[in-house]
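Here is the naming used below: chain letters follow the sequence lines, and residue numbers restart at 1 for every chain.
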2 protein chains.
Amino acid sequence: MSINSLIRIVIVEDDKLIREGFSLLISSTYGYRVVGSYASCEEALRQLEEDQPEVVLMDIELPGMGGIACIEKIKKARPGTNVIVVSVYDQPGLVFEALCAGAGGYLTKNMQPARLLEAIRDIQEGGAPMSTSIARMVVQSFQKNRNSPLTARETEVLEHLARGKSYSSIASELFIDKETVRTHIKNIYFKLEVHSKAEAIEKALRVTS
Amino acid sequence: MSINSLIRIVIVEDDKLIREGFSLLISSTYGYRVVGSYASCEEALRQLEEDQPEVVLMDIELPGMGGIACIEKIKKARPGTNVIVVSVYDQPGLVFEALCAGAGGYLTKNMQPARLLEAIRDIQEGGAPMSTSIARMVVQSFQKNRNSPLTARETEVLEHLARGKSYSSIASELFIDKETVRTHIKNIYFKLEVHSKAEAIEKALRVTS
DNA sequence: GCGGAATCACCCAATTTGCGTGATTCCGCA
DNA sequence: TGCGGAATCACGCAAATTGGGTGATTCCGC
């Protein structure tokens with residue numbers, strides 16, 4: 001981006017008041033330019049090529065096509081476009097779906113308006129603006145179940161299992177016998193009250209969140 | 001936390017200058033109190049029970065015990081303690097290890113000093129303070145391989161495979177025949193140039209990062 | 001109408017998995 | 001000093017899973 005180029009921004013938001021509020025805020029700031037402002041995903045996508053936005057501010061809860069699907073389409077059509085979700089919802093499921101779909105940031109609507117401009121700058125510089133409550137969700141998704149009933153070794157075995165490894169592979173990677181792996185897995189199943197690989201993995205992942 | 005209680009903070013940082021700088025900054029701010037300041041993990045752990053910190057500011061690159069191991073021990077001994085990593089390194093590996101070990105925030109040392117106080121407040125309020133560059137890493141770890149050679153259906157099958165499901169389970173969950181699942185998986189293996197479940201999962205996960 | 005995507009079918013051999021029922025060693029803690 | 005948990009290894013057995021091969025059909029978009 002050259003120094004004196006404007007950042008081209010598109011807003012997708014069905015609430016007229018919010019949409020115009022954002023638009024006004026951004027447009028009145030030097031260096032930013034709102035090139036499109038739409039109430040639906042469909043409209044935004046139709047104009048996407050023409051608008052050539054660098055950043056899209058996207059509401060998730062939209063009539064018609066949902067915001068998640070829209071993010072996917074935008075990233076597919078113009079992979080370089082940065083999408084920042086601006087949502088009232090902070091349900092984990094929605095957040096992860098949005099991030100997986102390609103959103104590069106996630107803000108909740110109760111933010112300070114100035115945070116919006118900061119977020120746009122952040123994402124253009126390679127950052128990932130997130131409300132701290134959202135960040136916590138994301139971070140927690142990494143944290144292993146600290147109160148696991150499993151021992152360290154069992155957890156280790158389970159991790160390998162979750163990566164699709166067979167008993168034999170796990171054995172050789174941990175330098176133990178296949179039989180030992182089998183014993184660990186029996187104990188894991190017993191402790192987690194499950195009876196198969198898939199159940200164990202699911203339970204292990206789920207306890208985390 | 002009662003309104004007029006101080007937030008108890010411990011600093012673990014081997015650079016004396018930085019340590020004392022942080023300490024001074026925090027101590028001179030109303031509502032915050034540095035109850036311990038150590039150059040090594042070992043010292044910090046020894047004093048942990050006595051210090052009873054609510055927040056630990058932790059350097060990662062430390063002599064002796066590494067910061068990652070230290071985070072684990074802290075979270076094990078006092079699960080309620082919030083650990084914020086303050087590091088010069090922003091290598092993905094280190095970041096993920098720290099988060100998995102239980103860190104609730106991750107800042108790089110080139111931040112504004114005031115950001116430190118904000119981060120401590122954030123984490124006490126249930127947020128997850130992160131430098132935006134770190135946040136980007138974390139976010140990217142969620143984003144699926146958008147340029148996958150796999151079709152949508154194949155990706156879907158692979159996702160189920162990664163969750164430890166058997167061909168049969170996948171079939172019934174996708175309302176298709178087991179044979180169809182097998183065909184998809186054969187195609188997946190061919191496209192990814194792999195010959196087993198584990199390899200496919202590994203490759204699928206790795207392309208992302 | 002060609003090709004890709006998605007669907008289904010059958011054969012085969014090797015491996016994997018889940019379960020039961022054991023044993024041994026080592027280590028920490030009471 | 002002994003108990004229990006953790007980690008290690010062993011054997012048998014039946015069912016299920018897996019990977020590979022070689023097909024076919026339908027549907028849709030370009």
Spacing between [X] atom [atom1] and [N] atom [atom2], to the nearest angstrom:
X	N	atom1	atom2	answer
F190(B)	dT18(D)	CZ	P	22 Å
F175(B)	dA6(C)	CZ	P	18 Å
K178(A)	dC11(D)	NZ	P	12 Å
I185(A)	dA6(D)	CD1	P	17 Å
D177(A)	dT16(C)	CG	P	13 Å
K191(B)	dA6(C)	NZ	C1'	11 Å
N187(B)	dT18(D)	CG	P	17 Å
R182(B)	dC11(C)	CZ	C1'	10 Å

Exercise. Got more than 12 heavy atoms from elsewhere within 6.0 Å of CZ, R153(B)?
Worked result: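 Correct, the count exceeds 12.
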Problem set entry | Residues, nucleotides or ligands: over 12 heavy atoms within 6.0 Å of K191(B) NZ |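 Enclosed: over 12 neighbouring heavy atoms sit under 6.0 Å from NZ of K191(B).
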At under 4.0 Å between heavy atoms, what does [X] touch on the DNA or RNA strands: base, sugar-phosphate, or nothing?
X	answer
H184(A)	base
S166(B)	sugar-phosphate
S196(A)	sugar-phosphate

Exercise. Does a side-chain N or O from K186(B) land closer than 4.0 Å to OP1 or OP2 of dG20(D), or not?
Worked result: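 The answer is no; no side-chain N or O of K186(B) sits under 4.0 Å from OP1 or OP2.
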Problem set entry | Phosphate contact (dT17(D) OP1 or OP2) by S168(B) side-chain N/O below 4.0 Å |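 It does, given that an N or O in the side chain of S168(B) lies less than 4.0 Å from OP1 or OP2 of dT17(D).
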Exercise. Is the shortest distance from a Lys or Arg side-chain nitrogen in R182(B) or E179(B) to a carboxylate oxygen in the other one below 4.0 Å?
Worked result: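 So R182(B) pairs with E179(B) through a salt bridge.
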Exercise. Does dA15(D) have a Watson-Crick or wobble partner in any strand here, with both distances under 3.5 angstrom, and which is it?
Worked result: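 Looking at the geometry, dA15(D) pairs with dT16(C).
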Exercise. Is there a Watson-Crick or G-U wobble partner for dC30(D) with both distances under 3.5 Å, and if so, which one is it?
Worked result: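 dC30(D) is paired with dG1(C).
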For this session: Please confirm whether the backbone N or O of S23(A) pairs with a side-chain atom of S27(A), one donor and one acceptor, at under 3.5 Å?
Result: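 Yes, because the side chain of S27(A) sits within donor-acceptor range (under 3.5 Å) of the backbone of S23(A).
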Problem set entry | Closest to the E179(A) side chain, choosing from dC11(D), dG18(C), dA7(D) |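 Side chain of E179(A) sits closest to dC11(D).
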Exercise. Are S166(B) and S169(B) linked by a side-chain donor-acceptor pair shorter than 3.5 Å?
Worked result: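 Side-chain D/A pair, S166(B) to S169(B): present.
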Exercise. For Y189(B) and T183(B), take the nucleotide of DNA chain D holding the closest heavy atom to each; which residue's nucleotide lies nearer the 5' end?
Worked result: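 Residue closer to the 5' terminus by nearest nucleotide: Y189(B).
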